Chemist: 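Before we start, here is the structure in question, set down as structure tokens.
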Amino acid sequence: MATDTLKRTPGAGGATGGLRRLLLENGALTALIVLVIAMSALSGDFLTTDNLLNVGVQAAVTAVLAFGVTFVIVSAGIDLSVGSVAALSATVLAWTATSHGVPVFIAVLLAVATGIAAGLVNGFLIAYGKLPPFIATLAMLSVARGLSLVISEGSPIPFPDSVSHLGDTLGGWLPVPVLVMIVMGLIAAFVLGRTYIGRSMYAIGGNEEAARLSGLRVKKQKLAIYALSGVFAAVAGIVLASRLSSAQPQAADGYELDAIAAVVIGGASLAGGTGKASGTLIGALILAVLRNGLNLLNVSAFWQQVVIGVVIALAVLFDTLRRKAGATPSAAGASPGGKGKQAGTYALAAVVTVAIVGATSFLHNGSSASADRRMGLSLSTLNNPFFVQIRAGALAEAKKQGVDLTVTDAQNDASQQANQLQNFTSSGVGAIIVNPVDSDAASNSVKAADKADIPVIAVDRGVNNAKTDALVASDNVAGGELAAKSIAEKLGGKGKIVILQGQAGTSAARERAQGFENGLKAFPGIQVVAQQPADFDRTKGLDVMSNLLQAHPDVQGVIAANDEMALGAIKALGSKAGKSVSVVGFDGTPDGLKAVEGGSLYASVAQQPTQLGRIAVDNALKALDGDKVQQTVKVPVKVVTKENVAGFSG
């Protein structure tokens, strides 16, 4: 029966061959050591107790997901649904406990049961339905995410306080997510190495037909394997929601790829038959160290994706080289001294790392002396011209004031933003500016910064249940009302319109939708024939508008929650845009203003994003210097039409 333990093949003797084999057999551990040493040398903020604990917290959710995925990959399968199942499980817990008064203990059991049910469906489709694992779990990815949005109605649900403690610390310093990661890792290691189902995973992954002929009930084992993956996904979802104090319907989006990457980087083969829990943990830590270190070094979020992609490719290449080098699977228990040798390897690695890292720390003595002139800006996304303009305004003002500003991109992921804010706090920046992905989810991270006496300025969106020194923003609700009034007046108070909503679960989408609704109440002759989300994306705006036109060809107006979706709608409308159909956007982006000038976009509710960024930096400096700062700094919105676009500057 195949396992992940590698044994020496003949002809690999000698000191050189032994060192080469040691490096090959412990490639992930070697990579982690090199990364820790490199980051310690490059950044004086990396090697601090707070930051190392941050790395552990940031690795926790990915690691727990990856432990479950390890079971699947060892058995030569794949599970693309774990991120969505994690979000669904957390949503079920919050929905039952908070919205329906179910006792928390039962709600937790229901969340875990949700993960098991999703895993069993995956296993049934694969084992009995004969669907390829990729297709079955891809379908579950979509179903679970959709159910999460349906249950939550697209809005975050507050998490029960008793469960939210999973995101806290013990004794004021030891993060609970790290403890959960360790416990789940030990369970995964026990299942893989000490149980019948663990041995079955290796047998199925090594040769499924041989396993079946030897009497193994492969179909039932696959059901159990995918159910286990679902359990680990549910636990990961609960831990993630605890950190954010709310169940986010869009949480853990894309985390399945990180989980698979952690397993592969940790030495498992996608062909099945090899893999171990300790390797998966190392893989998750490598990803966390990379992201943490690259954030501290102010590397663009776009380049971070490139780096991580290269690391994954190298990990697979290394696996190929390892196999060519003659490392072959051995029978379970065939190497009696293997565990002791492995423990010795880890101990030696720890000693070497501590020694080298300790030496590099002398390079950074006194490196934090200018921390008061450093600031961090965490934006919800840079995949949108509006936020790109906020960054441009902030960077220009920072340069003018002699401030070192680090900008990060949360990619509309509340968990990733929490990590970035924690990194800013642990690195001791003088002030933090945050544009929250979600106003509730950012609260814990902002509280941590406040506890560290770091001023926090919120920009564009506020932070709920936490103290910020100032909020620099336009009023999204008021802007939505202006957009509704503009389209209604253009149509003479009568007509059929559609509304393109923003990304479900984001505060900007909710607030602008509320503004649209409020504004249209004054115009009963305006009929909203359809409302659909297009995720603030131009391509999705094009697709959604194209679909809506099939059902409503006589539509006379469109309100879009941002200019990107409005421009997509204009593309779908073709020659109708600006003539028989009036379109109103939101944000006043450069492309949007060009469309207004050209006449295809009737109006854009402009928020002057460059001003938002500039004023946010200015107020952060005031708070840092102890000067009085207004609690709320409003940057006025303005309806820009063809008549006034020439004199407008964002």
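Bear in mind the structure is a predicted one, so any value in this text is a computation, not a measurement.
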Chemist: Run the salt bridge (charged side-chain N to carboxylate O under 4.0 Å, His left out) test against D253 and tell me which residues pass, sequence neighbours left out.
Modeler: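 Per chain and number, D253 pairs via salt bridge (charged side-chain N to carboxylate O under 4.0 Å, His left out) with no residue.
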
Chemist: Taking all non-hydrogen atoms of both residues, which atom of T91 and which atom of P249 are closest, and how far apart?
Modeler: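 So the two residues come closest at OG1-CA, 4.4 Å.
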
Chemist: Applying side-chain hydrogen bond (donor to acceptor under 3.5 Å, both in side chains), can you list everything that pairs with S378, at least two apart in sequence or on another chain?
Modeler: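 Only Q417, Q420 meet the side-chain hydrogen bond (donor to acceptor under 3.5 Å, both in side chains) criterion with S378.
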
Chemist: The test is side-chain contact (heavy atoms from CB on, under 4.5 Å); show your working for Q58 and N292 and say whether it passes.
Modeler: CA-CA 8 Å; Q58 292 164 23; N292 176 270; 4.0 Å; yes

Chemist: Run the side-chain donor-acceptor check on residues 104-127: report pairs under 3.5 Å with partners two or more places apart or on a different chain.
Modeler:
unit_1 : atom_1 : unit_2 : atom_2 : d
T114   : OG1    : L110   : O      : 2.8
N122   : ND2    : S81    : OG     : 3.1

Chemist: Closest approach of V239 and P177, non-hydrogen atoms and distance?
Modeler: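 What the structure gives for the nearest pair is CG1-CB, 3.9 Å.
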
Chemist: For residues M184 and V235, determine if any side-chain heavy atom of one lies less than 4.5 Å from a side-chain heavy atom of the other.
Modeler: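 The answer is yes, as the side chains (C-beta and beyond) meet within the 4.5 Å cut-off.
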
Chemist: When you measure from the side chain of S43 to the backbone of S40, do you find a donor-acceptor pair of N or O atoms at a distance under 3.5 Å?
Modeler: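 Answer holds: no.
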
Chemist: I'd like to check the side chain to side chain contact (heavy atoms under 4.5 Å, CB included) partners of S84; sequence neighbours left out, ordered by chain and number.
Modeler: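 For S84, the residues satisfying side chain to side chain contact (heavy atoms under 4.5 Å, CB included) (neighbours in sequence not counted) are L141, A144, R145.
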
Chemist: Determine which pairs satisfy ring pair (Phe, Tyr, Trp, His ring centres under 6.0 Å) with at least one residue from residues 205-236, sequence neighbours left out, and list them in order.
Modeler: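 Of all non-adjacent pairs touching residues 205-236, those that pass ring pair (Phe, Tyr, Trp, His ring centres under 6.0 Å) are F71-F232.
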
Chemist: Is a side-chain donor or acceptor of S89 paired with a backbone partner of A86 at a separation under 3.5 angstrom?
Modeler: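 Between the backbone of A86 and the side chain of S89 there is no qualifying donor-acceptor contact (under 3.5 Å).
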
Chemist: I'd like to check Y196 versus L216 (side-chain heavy atoms, cut-off strictly below 4.5 Å). Are they in contact?
Modeler: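 Yes, at least one pair of side-chain atoms sits under 4.5 Å.
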
Chemist: Between E208 and K222, is there a side-chain heavy-atom distance shorter than 4.5 Å?
Modeler: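 K222 reaches E208 side chain to side chain.
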
Chemist: For the side chain of T96 and the backbone of L93, is there at least one donor-acceptor N/O pair under 3.5 Å apart?
Modeler: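 At least one qualifying donor-acceptor pair exists.
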
Chemist: What residues, two or more places apart in sequence or in another chain, satisfy side chain to side chain contact (heavy atoms under 4.5 Å, CB included) together with A59?
Modeler: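 Scan of A59 (side chain to side chain contact (heavy atoms under 4.5 Å, CB included), adjacent residues dropped) gives M181, L285, A288.
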
Chemist: What pairs with D537 under side-chain hydrogen bond (donor to acceptor under 3.5 Å, both in side chains), at least two apart in sequence or on another chain?
Modeler: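 Residues passing side-chain hydrogen bond (donor to acceptor under 3.5 Å, both in side chains) with D537: none at all.
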
Chemist: Has S380 got a side-chain atom pairing as donor or acceptor with V437's backbone, closer than 3.5 angstrom?
Modeler: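 Side chain of S380 to backbone of V437, a donor-acceptor pair under 3.5 Å: no, none is there.
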
Chemist: Please tell me whether D79 and S229 have a donor and an acceptor in their side chains that are separated by less than 3.5 angstrom.
Modeler: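 Distance-only check passes for D79 and S229.
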
Chemist: If you take all heavy atoms of S148 and S152, which pair is closest and at what distance?
Modeler: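 It is O-OG, 2.8 Å.
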
Chemist: Knowing that exactly one of L228, I73, V72 qualifies, which makes a side-chain contact (heavy atoms from CB on, under 4.5 Å) with M201?
Modeler: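 The option that passes is L228.
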
Chemist: Report the distance from atom CH2 of W95 to atom CD1 of I157, rounding to the nearest 0.5 Å.
Modeler: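 So the gap between those two atoms works out to 8.5 Å.
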
Chemist: Sequence neighbours excluded, which residues qualify as side-chain hydrogen bond (donor to acceptor under 3.5 Å, both in side chains) partners of Q416?
Modeler: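 None.
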
Chemist: Output every pair passing side chain to side chain donor-acceptor pair (under 3.5 Å) with a member in residues 231-245, not counting sequence neighbours, ordered by first then second residue.
Modeler: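 Of all non-adjacent pairs touching residues 231-245, those that pass side chain to side chain donor-acceptor pair (under 3.5 Å) are R243-N419, R243-Q422, S245-N444.
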
Chemist: side-chain contact (heavy atoms from CB on, under 4.5 Å) for V61 and Y255? Distances and angles first, verdict last.
Modeler: CA-CA 9 Å; V61 173; Y255 279 35; 4.0 Å; yes

Chemist: To the nearest 0.5 Å, tell me how far Q411 CD sits from N383 CG.
Modeler: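 CG of N383 is found 8.5 Å from CD of Q411.
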
Chemist: List the residues meeting side chain to side chain contact (heavy atoms under 4.5 Å, CB included) with S426, not counting sequence neighbours, and say none if there are none.
Modeler: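 Checked S426 against side chain to side chain contact (heavy atoms under 4.5 Å, CB included); matches are D50, N51, N54.
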
Chemist: Could you grab the distance from atom CG of L213 to atom CG of N207, nearest 0.5 Å is fine?
Modeler: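 Interatomic distance, L213 CG to N207 CG, rounded to 0.5 Å: 8.5 Å.
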
Chemist: Given side-chain contact (heavy atoms from CB on, under 4.5 Å), test D258 with R291 step by step and report yes or no.
Modeler: CA-CA 12 Å; D258 276 359; R291 288 200 171 100; 3.0 Å; yes

Chemist: Taking all heavy atoms of T98 and all of P158, pick out the closest pair and write down the distance.
Modeler: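 Closest approach of T98 to P158: OG1-O, 2.8 Å.
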
Chemist: Would you compute the distance between atom CZ of F46 and atom CG of N295 and round it to the nearest 0.5 angstrom?
Modeler: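 Separation between the atoms: 12.0 Å.
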
Chemist: Do the non-hydrogen side-chain atoms of T169 and L174 ever get within less than 4.5 Å of each other?
Modeler: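 A side-chain contact is absent here, since even the closest heavy-atom pair is not under 4.5 Å.
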
Chemist: Taking atom types as modelled, is there a side-chain donor on T274 or Y202 under 3.5 Å from an acceptor on the other?
Modeler: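 Distance-only check fails for T274 and Y202.
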
Chemist: If I take atom NZ from residue K219 and atom CD1 from residue I204, how far apart are they, to the nearest 0.5 angstrom?
Modeler: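 Answer rounded to 0.5 Å: 12.5 Å.
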
Chemist: Applying side chain to side chain contact (heavy atoms under 4.5 Å, CB included), can you list everything that pairs with T70, at least two apart in sequence or on another chain?
Modeler: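 T70: side chain to side chain contact (heavy atoms under 4.5 Å, CB included) contacts with V74, L192, V263, T280.
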
Chemist: Measuring from I286:CD1 to L32:CG, what's the distance to the nearest 0.5 Å?
Modeler: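 Answer rounded to 0.5 Å: 5.5 Å.
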
Chemist: How would you list, by chain and number, every residue that makes a side-chain hydrogen bond (donor to acceptor under 3.5 Å, both in side chains) with S246, sequence neighbours excluded?
Modeler: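 side-chain hydrogen bond (donor to acceptor under 3.5 Å, both in side chains) list for S246, sorted by chain: Q248.
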
Chemist: So, for A259 and V69, which heavy atoms are closest and what is the spacing to 0.1 Å?
Modeler: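 Shortest heavy-atom separation between A259 and V69 comes out as CB-CG2, 4.0 Å.
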
Chemist: If you compare all heavy atoms of P175 against all heavy atoms of L53, which two are closest, and at what distance to 0.1 Å?
Modeler: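 In terms of heavy atoms, the two residues are closest at CD-CD2, 3.8 Å.
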
Chemist: Under the side chain to side chain donor-acceptor pair (under 3.5 Å) rule, what do D413 and Q250 come out as? Steps first, then yes or no, please.
Modeler: CA-CA 8 Å; D413 182 344; Q250 294 285 10; over 6 Å; no

